[in-house]
Participant: 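Please see the structure below; I have some questions.
Proteins get letters first, then strands, A, B, ... in listed order; numbering begins at 1 in each.
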Amino acid sequence: MFGLLFSLKSFTAKLDPINGDNAGQAGKGCSFHSFKTNTYKLSYFETAAGVKFVLVTDPRMGDLREALRNIYSNIYVEYVSKNPIYTPGQPFRCELFESTLDAYVKSL
Amino acid sequence: MSTIYNIFVINKSGGLIYYKDFGSIAKLDTNDSLRLASVWHSLHAISSQLSPVTGCTGIELLEADTFDLHCFQTATGTKFFVTGETGAAGVDLLLKSIYELYSDYVLKNPFYEVEMPIRVELWDLNLATLIRQRERTSTGK
């Protein structure tokens with residue numbers, strides 16, 4: 001999965017018809033926010049720190065950029081980043097994060 | 001307001017057999033277009049493996065920040081994909097029409113070898129007409 005997302009990102013950066021190739025510079029260049037197949041839709045959001053959020057849904061779902069941004073800023077930052085015993089970059093198991101995320105995703 | 005930037009046709013093994021630029025600002029050179037075509041072939045294959053349910057046939061629409069990529073795969077594995085402005089409508093139909101032109105002018109050409117690069121004048125002409133028509137109807141001129 002990571003390989004696919006990474007390659008897709010460099011692919012879109014290279015293919016970008018407006019600004020051309022900025023792929024070499026980190027955080028620059030044209031990224032992508034979703035792709036759709038006949039069986040699923042994958043939405044993708046990358047934070048400035050390089051944390052990536054991926055949401056796999058039914059292909060009929062609409063634009064989920066807001067939802068991912070909300071998951072990041074209102075759930076991830078609140079319950080994971082602000083958790084004093086969490087070491088950034090490490091896998092996390094956080095009950096509050098999971099229950100809030102569950103409730104939010106069910107409300108979508 | 002629905003410009004088409006590029007058209008790619010790739011054969012079933014991922015080789016680029018046709019590429020045409022229709023007015024993107026940043027042009028791709030030949031090497032890049034060949035490379036990107038085969039990268040797309042693999043991404044398409046991986047995406048169908050990643051599906052949570054069975055029966056996935058690969059990416060149909062990729063939404064990037066500055067463009068949309070629409071892809072159409074035929075039953076024989078030839079893939080047509082176009083990049084266009086974000087939110088462009090009717091590109092799926094356009095891809096079907098491109099496929100129609102391909103079967104009419106390329107596959108029915110007795111001198112054309114399947115899976116080989118497309119160098120067919122009638123296909124070129126008709127493709128250009130199709131794109132021009134589309135631009136005209138979408139801008140309302």
Participant: Ignoring hydrogens, what is the shortest heavy-atom contact between B:R134 and B:A88? Give both atom names and the distance.
Facilitator: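 Shortest heavy-atom contact: NH2-CB, 4.0 Å.
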
Participant: Pick whichever of B:S48, B:G55, B:S47 has the most heavy-atom pairs under 4.5 Å with chain A.
Facilitator: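 It is B:S47.
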
Participant: Which bit of B:S51 is near chain A, if near means a heavy-atom gap under 4.5 Å: side chain, backbone, both or neither?
Facilitator: both

Participant: Taking side chain as everything from C-beta outward and backbone as N, CA, C, O, which of these in B:T54 sits under 4.5 Å from a heavy atom of chain A? Side chain, backbone, both or neither.
Facilitator: backbone

Participant: Name the region of B:F22, side chain, backbone, both or neither, that has any atom closer than 4.5 Å to a heavy atom of chain A.
Facilitator: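 When you check distances to chain A, no heavy atom of B:F22 falls under 4.5 Å.
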
Participant: Report the option among B:E60, B:K27, B:Q49 that has the most heavy-atom pairs separated by less than 4.5 Å from atoms of chain A.
Facilitator: B:E60

Participant: Under a 4.5 Å heavy-atom cutoff, which of A:L8, A:T39, A:L42 has the most pairs with chain B?
Facilitator: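 Maximum pair count with chain B is reached by A:T39.
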
Participant: How about CZ on A:F6, more than 12 heavy atoms from neighbouring residues, nucleotides or ligands closer than 6.0 Å, or not?
Facilitator: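 Atom CZ in A:F6 is not packed in, count stays at 12 or less.
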
Participant: Are B:F80 and B:Y102 an aromatic pair, judged by ring center distance below 6.0 Å?
Facilitator: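 Ring centres of B:F80 and B:Y102 closer than 6.0 Å.
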
Participant: Aromatic contact between B:F72 and B:F81, with the criterion being ring centroids under 6.0 Å apart: yes or no?
Facilitator: no

Participant: Sort out for me which of B:L28, B:V53, B:L50, B:D68 touches chain A most, counting heavy-atom pairs under 4.5 Å.
Facilitator: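 With the most close heavy-atom pairs to chain A, the winner is B:L50.
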
Participant: Hey, do the aromatic rings of A:F53 and A:Y44 have their centres closer than 6.0 Å?
Facilitator: no

Participant: Could you measure the distance from the CD1 atom of B:I46 to the CD1 atom of B:I59? Nearest 0.5 Å is fine.
Facilitator: 9.0 Å

Participant: Which bit of A:Y40 is near chain B, if near means a heavy-atom gap under 4.5 Å: side chain, backbone, both or neither?
Facilitator: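 For A:Y40, the side chain is the part near chain B, not the backbone.
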
